[in-house]
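For reference, the structure I am asking about is given below.
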Amino acid sequence: MTESIVPNSDTRDVWEIYLSPTWLPALLAADELGILTSIADEPGSAGELATRLELNSRPLGAVLALLASLGYLVSRGGRYHITEVTRYH
């Protein structure tokens with residue numbers, strides 16, 4: 001049986017991205033391409049993630065920067081990590 005996890009954060013961020021015509025496609029693409037799962041498994045730089053996921057590093061870097069600006073990722077020491085909001089939503 002799968003354990004349910006109750007988020008420790010406010011869900012307004014999730015609704016804001018759901019309702020945004022600009023942000024939602026980037027988040028959906030990141031999910032579809034496995035970017036968020038890959039970062040959750042092992043944080044990495046844009047270059048490392050591009051290699052790992054076999055993606056072009058330039059557009060990937062733009063998506064990573066967008067997701068970081070929205071608070072879904074954070075960059076520490078040049079490596080992207082998921083945030084609590086991303087982990088639980």
Side-chain angles (χ1 to χ4, degrees):
M1 178 176 220
T2 304
E3 178 182 340
S4 297
I5 299 174
V6 178
N8 295 349
S9 61
D10 190 334
T11 60
R12 282 181 289 182
D13 291 338
V14 173
W15 283 108
E16 285 178 10
I17 199 162
Y18 177 76
L19 297 172
S20 168
T22 307
W23 304 338
L24 181 59
L27 182 60
L28 293 175
D31 186 48
E32 181 77 20
L33 293 169
I35 296 168
L36 300 174
T37 301
S38 182
I39 294 171
D41 291 344
E42 182 181 352
S45 67
E48 291 168 342
L49 292 164
T51 300
R52 188 183 318 161
L53 297 168
E54 299 179 356
L55 298 172
N56 185 303
S57 62
R58 186 172 178 195
L60 176 60
V63 170
L64 294 172
L66 173 63
L67 295 177
S69 75
L70 295 172
Y72 290 91
L73 300 176
V74 63
S75 180
R76 293 187 199 117
R79 296 172 61 84
Y80 286 93
H81 302 258
I82 62 169
T83 62
E84 185 175 319
V85 169
T86 306
R87 185 173 308 284
Y88 293 110
H89 297 289

Show, in sequence, the C-alpha distance, side-chain angles and deciding distance for Leu73 and Thr83, and conclude whether the side-chain contact (heavy atoms from CB on, under 4.5 Å) test is met. CA-CA 5 Å; Leu73 300 176; Thr83 62; 5.5 Å; no
Give every residue pair that meets the salt bridge (Lys or Arg N to Asp or Glu O under 4.0 Å) criterion with at least one member in residues 63-81, sequence neighbours excluded.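 Only Glu48-Arg79 qualify under salt bridge (Lys or Arg N to Asp or Glu O under 4.0 Å).
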For residues 64-71, dump all side-chain donor-acceptor pairs below 3.5 Å to protein atoms at least two apart in sequence or in another chain.
unit_1 : atom_1 : unit_2 : atom_2 : d
Ser69  : OG     : Leu66  : O      : 2.7

How would you list, by chain and number, every residue that makes a side chain to side chain donor-acceptor pair (under 3.5 Å) with Arg87, sequence neighbours excluded?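 Arg87 satisfies side chain to side chain donor-acceptor pair (under 3.5 Å) with no other residue.
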When hydrophobic residues are tied together by side-chain contacts of less than 4.5 Å, even through go-betweens, does Val63 share a cluster with Leu55?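 Val63 and Leu55: one cluster.
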Could you tell me whether a side-chain N or O of Thr86 sits under 3.5 Å from a main-chain N or O of Tyr72, the two making a donor and an acceptor?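 Confirmed, Thr86 side chain pairs with Tyr72 backbone.
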Applying a strict under-4.5 Å side-chain criterion to I, L, V, M, F, W and Y, I'd like to know whether Leu27 and Trp23 cluster together.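 In one cluster with Leu27: Trp23, yes.
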What pairs of donor and acceptor atoms, side-chain ones from residues 32-44 against any protein atom, are under 3.5 angstrom apart with sequence neighbours left out?
unit_1 : atom_1 : unit_2 : atom_2 : d
Ser38  : OG     : Arg52  : NH1    : 2.8

